[in-house]
Amino acid sequence: MNDTNHNIDTNTISGATETATHFGFETVSGSEKVNRVMGVFSSVASQYDIMNDVMSGGMHRLWKRSMFAKAAIGAGSRVLDVAAGSGDIAIGLAKKMGPTGRVVLTDLNGPMLAEGARRVIDEGLLPGRADCIQSDGTKLAFADNSFDCVTIAFGIRNFLDIEAGLAEFYRILKPGGQFMCLEFSRPTLPGLDVIYDAYSFNVIPMMGEKVTGDRESYQYLVESIRRFPDQERFAKLIRKAGFDLVQYDNLTGGIVALHRGYKV
């Protein structure tokens, strides 16, 4: 695991300027957003997986299986998982590739990356089949054309500059490489949006408080979902970054969407 100090200077992060942006429903400076997002995930890192199960009723595991099933990888593939969090995506991808594949976990947040490293070690993947590198998703420390697949799950909505992140993903993919993004989106089934809003704003922060003792972080997570572009708007951003064959699948009535694109 990379020993980069967890208390990195977030003012040096690409795009962390004083330009106004949003933190949930608040308007803040870019540098303040980066610092506050870091605080959110440092606070919840140790209980991140537990809360995912509680909040989604275990559905997040099915959403991630859909991602694994559609990942265009195999023996010998090299994959980068951005905002790797607790490592469950990286572990699933590594299992699909087998012993000759290699997955790199990267996350800006040190405590989250430490959780991911712990889990891939427990799975026997590190060292040998996995690496952990702390870095900013909008300024990745990898050469052009380095990976067969780049994935990110429930992380891109926390980026200060989503378009910069997409440009980086395109840059480091090999020609023919696949980009995959699993993210909360907009419900498409009639009436589901009302139920989803009631659950999100009334239940999830309360769960966060009971399970982790941190209501505010989960209030932010709910608000950040509402600020993220819907399925079509996000697909347009992916195309703008240069990706072709962009498509998405709505999961659980559009509560989550799986976007895919290719560097042709």
Side-chain angles (χ1 to χ4, degrees), residues 24-25 37 40-71 81-96 105 107 109 111-113 115-116 118-120 122-123 151-159 180-231 234 247-260:
F25 292 160
V37 168
V40 165
F41 287 96
S42 294
S43 173
V44 304
S46 64
Q47 293 172 303
Y48 186 74
D49 284 336
I50 293 172
M51 274 302 295
N52 282 344
D53 278 327
V54 170
M55 289 188 300
S56 72
M59 288 297 296
H60 75 103
R61 298 177 184 275
L62 298 179
W63 300 332
K64 290 167 184 175
R65 286 178 191 170
S66 294
M67 190 179 205
F68 302 149
K70 295 186 178 180
D81 185 37
V82 183
S86 59
D88 52 350
I89 297 296
I91 291 167
L93 295 170
K95 289 179 177 178
K96 180 168 182 173
L105 296 77
D107 201 303
N109 187 276
M112 286 298 300
L113 188 61
E115 283 293 309
R118 179 184 61 79
R119 288 194 60 191
V120 295
D122 288 347
E123 291 284 337
T151 62
I152 183 167
F154 307 114
I156 200 166
R157 73 179 188 280
N158 300 306
F159 279 26
M180 303 187 77
C181 179
L182 189 65
E183 188 54 89
F184 291 107
S185 198
R186 299 293 188 277
T188 55
L189 293 179
L192 182 58
D193 55 341
V194 176
I195 298 169
Y196 182 48
D197 276 352
Y199 174 76
S200 298
F201 286 102
N202 296 309
V203 178
I204 289 178
M206 180 183 66
M207 287 181 176
E209 184 172 23
K210 288 185 178 297
V211 176
T212 71
D214 185 351
R215 185 186 187 94
E216 289 185 3
S217 289
Y218 285 93
Q219 183 69 35
Y220 159 71
L221 293 176
V222 170
E223 292 176 1
S224 70
I225 292 167
R226 299 310 185 277
R227 296 299 299 259
F228 189 71
D230 65 21
Q231 290 91 325
F234 187 50
Q247 56 187 307
Y248 61 85
D249 300 305
N250 286 316
L251 307 177
T252 315
I255 288 175
V256 167
L258 175 61
H259 282 77
R260 305 189 300 286

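Side chains included, hydrogens not; waters and symmetry mates left out as well; all remaining heavy atoms used.
- In this structure, OG in S224 is found 10.5 Å from CD in Q219, a value given to the nearest 0.5 Å.
- Among all heavy-atom pairs drawn from D88 and F68, the shortest one is O-CZ, 3.7 Å.
- The backbone N or O of D197 lies less than 3.5 Å from no partner atom in the side chain of S200, so there is not a single donor-acceptor pair.
- No donor-acceptor pair closer than 3.5 Å links the side chain of K64 to the backbone N or O of I89.
- Of all the heavy atoms in P111 and N109, the pair that sits closest is CD-OD1, 3.1 Å.
- Under a 3.5 Å cut-off, the side chain of D107 and the backbone N or O of G85 do form a donor-acceptor pair.
- Relative ring orientation between W63 and F184 is described as perpendicular, the plane-to-plane angle rising above 60° on a 0-90° scale split at 30° and 60°.
- Looking at heavy atoms from C-beta onward, F234 lies out of side-chain contact with E183 at the 4.5 angstrom threshold.
- Here L62 contributes atom CG and T252 contributes atom OG1; the two are 7.5 Å apart, rounded to the nearest 0.5 Å.
- Residues A90 and D81 share a closest heavy-atom pair of N-OD2, 3.8 Å.
- The minimum heavy-atom distance linking L192 with G253 is given by the pair CD2-O, 3.7 Å.
- Among residues two or more places apart in sequence or in another chain, the side chain to side chain donor-acceptor pair (under 3.5 Å) test is passed with Q231 by S185, N250.
- In this structure, I255 and Y199 have side chains that are not in contact, with every pair of non-hydrogen atoms separated by 4.5 Å or more.
- Residues C181 and I156 share a closest heavy-atom pair of SG-CG2, 3.8 Å.
- Qualifying side chain to side chain donor-acceptor pair (under 3.5 Å) partners for R260, counting only residues two or more places apart in sequence or in other chains: Q247, D249.
- Across all their heavy atoms, R186 and F228 have their closest contact at NH2-O, 2.6 Å.
- Taking the side chain as every heavy atom from C-beta outward, M67 and M180 approach each other to under 4.5 Å.
- Proximity of L105 to V120: side-chain heavy atoms (C-beta onward) are separated by under 4.5 Å at one or more points.
- At a threshold of 4.0 Å, the pair E223-R226 does not count as salt-bridged, since none of the basic side-chain nitrogens sits closer than that to a carboxylate oxygen.
- Every side chain to side chain donor-acceptor pair (under 3.5 Å) that Y248 has, sequence neighbours left out, goes to E232.
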